[in-house]
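What follows is a short report on a single structure.
Heavy atoms only: backbone and side chains are in, while hydrogens, waters and symmetry mates are out. The sequence lines fix the lettering, A, B, ..., with proteins before strands; numbering per chain opens at 1.
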Amino acid sequence: VFERFSEEARRVVVLAQEEADRFGHNYIGTEHLLLGLVAETTAASRVLAGLGLVRDRLRDDVGEIIGFGKVHGGPLDAAALATIGIDLEEVERRIEETFGPGAFLRTRAGCRARRRPFTPRSKRALELSLRAALELGDRDIGSEHVLLGVITEGKGMAVELLERQGVSCAAVRAAVLEQIRGAA
Amino acid sequence: MNEATELANATSSHDPAIGLASVASLRILLESLEELQVENARAQGWTWQQIAAALGVSKQAVHKKHGRRRLLRRRQR
């Protein structure tokens with residue numbers, strides 16, 4: 001699926017993984033995709049901000065509805081490493097400094113440890129983002145197509161989070177299509 | 001210090017679950033670092049012999065572990 005993802009859309013997926021990490025969740029659901037879409041300024045984040053979506057409320061709601069995973073656990077356990085005086089964040093930062101961005105994830109051990117599977121819904125949402133781009137005649141999948149994918153999937157946690165802030169799927173779809181037409 | 005480290009400092013290090021988790025995590029870091037360092041050494045023209053000596057293992061061991069993988073990666077390019 002990822003071959004046709006634009007730089008921005010790839011970044012969204014990376015940010016979604018980071019959001020999952022932040023909550024201690026060991027999967028990537030549509031809620032993390034949505035958070036990844038608004039974590040930095042993207043075409044999708046502009047659309048959602050225009051509809052009045054507040055990012056920090058989104059995070060609060062995820063914390064409230066799903067909660068935080070246990071800090072212990074996962075194959076690479078930052079808390080456990082801290083008990084022997086190792087700061088995992090610092091180690092990873094230095095690895096990237098020496099061997100370039102993404103170096104740790106490039107290795108077999110790093111990749112295995114950090115893998116967060118997509119839920120069936122978020123996987124479906126990503127597939128639907130490809131379809132959305134095809135239907136609109138766009139070559140690459142941008143953040144706006146990922147957003148369309150998420151709302152087209154229609155039943156994930158992301159949709160519930162949007163509705164909590166009074167943002168309907170129909171409104172998102174209309175705003176995204178308007179933005180795409182405006183840009184063309 | 002982030003939240004994880006703060007929490008860890010507040011937790012007893014006598015708990016085997018945490019102690020063992022730290023060993024498992026350390027092993028992941030070790031494996032990852034070894035792969036990156038061996039790759040880097042080879043890129044800089046080090047022989048398997050030199051790498052093995054620096055790692056304190058036999059040449060056969062380091063070649064067996066890292067030799068084939070490197071070939072596979074090169075083929076993928």
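Residue A:F104 touches chain B through both its backbone and its side chain, counting heavy-atom pairs closer than 4.5 Å. Only the side chain of B:L33 comes within less than 4.5 Å of a heavy atom of chain A; its backbone N, CA, C and O stay farther away. Contacts between A:I95 and chain B at a heavy-atom distance below 4.5 Å involve the side chain alone, from C-beta outward.
Atom CG in A:L148 sits 11.5 Å away from atom CD1 in A:I141 (nearest 0.5 Å). Atom CH2 of residue B:W46 and atom CD of residue B:E39 lie 15.5 Å apart, to the nearest 0.5 angstrom.
Across B:S25 and A:L76, no two heavy atoms sit closer than the pair O-CD1, 3.5 Å.
One finds no salt bridge joining A:E153 and A:R124 here, because no Lys/Arg side-chain nitrogen approaches an Asp/Glu carboxylate oxygen to under 4.0 Å.
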